Enquirer: 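Here it is, the structure, as structure tokens.
Only a predicted model underlies this, so the values are computations on that prediction, with no experimental measurement involved. Counting from 1, the numbers follow the sequence of the chain as shown.
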Amino acid sequence: MINSDFITIEQSFPYAEPGSSVSLDSAIARPFRVLIEKGWDTGRVNHLFLSDVGHFSVVGSLCYTPSGRLIFFPGIIGRKTLWDSEKGDLRESGIVDHITLEPNSKSWHLTIFKDGKKDRTSQLPSRRVSEIEPGLNYWFGMSVESISVFEKQFQTYLFSFPVPSEESDKYIKILDQSKKDSKFHSMSLIQEGVGKEEFLHLDFLVDNRTNRDELPHNIAWVPSGPPALVGPLEKTDNFLIRAHPVEVPTFPGNIFVLVSKHVGKLTNQVIIGSGPGPVTPV
């Protein structure tokens with residue numbers, strides 16, 4: 001029998017829902033679980049939160065690995081996904097675990113748990129990254145019907161993982177490094193909520209420009225109609241949008257998350273897409 005130690009991780013966030021979470025399926029815990037269960041170093045770990053009318057939610061955790069990958073663990077409740085196949089039909093596939101941007105920043109993919117089993121993972125077909133301008137790339141977009149599709153953000157998180165005794169010092173060192181100089185990012189749009197015929201949209205951009213000027217205008221790539229929306233998007237030049245810069249230690253560029261609100265009704269609670277082109281309903 002292998003001797004085991006327990007490693008405990010505690011994190012606190014002052015502006016959040018009262019209470020605590022111990023769930024290892026939380027987007028806060030999943031980057032650390034990958035290390036403990038598979039021995040993969042997820043690198044620096046940052047957490048992204050969203051607040052709206054006094055509600056605090058976990059959008060996800062963003063990591064930059066030693067191998068040069070950006071990995072996003074979404075905080076979507078349930079994380080059940082349908083994806084659009086090459087034939088154009090929709091297939092039920094599994095539980096979304098994370099979204100990976102490859103080191104060349106040219107493509108990304110979703111990793112899922114098949115049949116809900118953590119030991120049966122599968123990658124959905126890769127999607128191309130879209131270049132907005134040299135050095136500024138569109139990674140992926142995520143539309144949600146309300147902030148309630150995300151996990152609640154609690155003030156305290158406490159996770160305990162069993163590890164082989166002979167590996168505990170190594171894992172503790174990696175975990176300490178993963179949190180060094182890392183920040184949590186609290187995002188918002190406007191304190192007025194999301195109506196029944198409205199939805200929130202988040203665009204994830206990767207900025208490796210030498211001269212990082214302001215972002216170009218009107219770069220939110222929002223679903224324009226079916227299959228993501230019940231009907232055509234009600235277009236307006238006055239939609240609300242806010243750009244949040246996200247710095248990840250050791251990553252040479254910046255990540256921007258654009259949060260905007262639009263008039264329309266989604267066909268699913270969450271839609272994941274890759275800019276202009278097919279979308280993936282969740």
Side-chain angles (χ1 to χ4, degrees), residues 27 48-53 55-60 62 70 72-84 96 99 101 108 110 127-130 132 136-151 153 185-207 214-246 254-282:
L48 307 182
F49 303 115
L50 184 67
S51 61
D52 181 64
V53 198
H55 297 283
F56 302 90
S57 298
V58 180
V59 174
L62 185 64
L70 279 171
F72 179 68
F73 294 84
I76 304 166
I77 296 174
R79 295 179 281 122
K80 194 71 173 287
T81 181
L82 296 173
W83 63 283
D84 53 312
V96 177
I99 301 170
L101 178 66
W108 64 275
L110 283 166
R127 302 294 179 87
R128 298 291 296 176
V129 168
S130 298
I132 299 170
L136 181 62
N137 294 317
Y138 188 95
W139 182 5
F140 70 95
M142 182 163 56
S143 301
V144 302
E145 67 177 12
S146 73
I147 196 173
S148 64
V149 305
F150 294 116
E151 304 167 9
Q153 177 196 359
H185 302 269
S186 184
M187 306 182 295
S188 64
L189 180 61
I190 192 168
Q191 299 298 314
E192 63 174 34
V194 180
K196 285 187 176 181
E197 298 300 320
E198 297 177 324
F199 64 94
L200 285 178
H201 181 74
L202 292 84
D203 297 286
F204 286 72
L205 313 180
V206 179
D207 189 2
E214 292 185 2
L215 291 175
H217 295 292
N218 301 323
I219 57 174
W221 279 336
V222 183
S224 58
L229 302 178
V230 173
L233 177 70
E234 183 174 322
K235 296 183 179 180
T236 172
D237 294 330
N238 298 319
F239 66 83
L240 300 167
I241 186 168
R242 182 173 293 170
H244 297 269
V246 178
N254 274 350
I255 295 95
F256 282 93
V257 181
L258 278 58
V259 183
S260 55
K261 186 168 76 169
H262 305 271
V263 177
K265 185 173 179 59
L266 298 176
T267 54
N268 290 272
Q269 288 186 322
V270 181
I271 304 288
I272 295 176
S274 54
V279 296
T280 303
V282 175

Enquirer: Please identify each residue that fulfils side-chain hydrogen bond (donor to acceptor under 3.5 Å, both in side chains) with Ser57, with sequence neighbours left out.
Expert: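 Testing Ser57 for side-chain hydrogen bond (donor to acceptor under 3.5 Å, both in side chains), a comparison that skips the adjacent residues, returns none.
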Enquirer: Could you pull out the closest heavy-atom pair between Ser224 and Leu229, with the gap in Å?
Expert: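 It is C-CD1, 3.9 Å.
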Enquirer: Distance-only, no hydrogens or angles: does the Trp139 side chain make a donor-acceptor pair with backbone N or O of Val129 under 3.5 Å?
Expert: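 Not a single qualifying donor-acceptor pair exists.
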Enquirer: Which pair of non-hydrogen atoms, one from Ser186 and one from Ser51, has the smallest distance, and what is that distance?
Expert: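 In this case the closest contact between Ser186 and Ser51 is OG-OG, 4.3 Å.
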Enquirer: Applying ring pair (Phe, Tyr, Trp, His ring centres under 6.0 Å), can you list everything that pairs with Phe199, at least two apart in sequence or on another chain?
Expert: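 Scan of Phe199 (ring pair (Phe, Tyr, Trp, His ring centres under 6.0 Å), adjacent residues dropped) gives His262.
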Enquirer: State which residues pass side chain to side chain contact (heavy atoms under 4.5 Å, CB included) with His185; sequence neighbours excluded, sorted by chain then number.
Expert: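 Counting only residues at least two positions away or on another chain, His185 forms a side chain to side chain contact (heavy atoms under 4.5 Å, CB included) with Asn46, Leu48, Lys183, Val246.
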Enquirer: What are the two closest heavy atoms between His244 and Val259, and how far apart are they?
Expert: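 So the two residues come closest at CD2-CG2, 3.9 Å.
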Enquirer: In chain order, what residues pass the salt bridge (charged side-chain N to carboxylate O under 4.0 Å, His left out) check against Glu145, with sequence neighbours excluded?
Expert: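 Scan of Glu145 (salt bridge (charged side-chain N to carboxylate O under 4.0 Å, His left out), adjacent residues dropped) gives none.
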Enquirer: Counting the benzene-type ring for Trp, do Phe49 and Phe56 have ring centres under 6.0 Å apart?
Expert: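 No, ring centres 6.0 Å or more apart.
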Enquirer: Hey, does the side chain of Glu151 reach the backbone of Ala27 with a donor-acceptor pair shorter than 3.5 angstrom?
Expert: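 Answer holds: yes.
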Enquirer: If you take all heavy atoms of His55 and Ile147, which pair is closest and at what distance?
Expert: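 What the structure gives for the nearest pair is O-CD1, 4.1 Å.
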Enquirer: Output all residues satisfying side chain to side chain contact (heavy atoms under 4.5 Å, CB included) with Val194, sequence neighbours left out; order by chain, then residue number.
Expert: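 Partners of Val194 by the side chain to side chain contact (heavy atoms under 4.5 Å, CB included) criterion, ordered by chain and then number, come out as Glu198, Leu200, Lys261.
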Enquirer: Mind checking side-chain hydrogen bond (donor to acceptor under 3.5 Å, both in side chains) for Asp203 and listing every partner two or more places apart, or none if nothing turns up?
Expert: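 Testing Asp203 for side-chain hydrogen bond (donor to acceptor under 3.5 Å, both in side chains), a comparison that skips the adjacent residues, returns Tyr138, His201.
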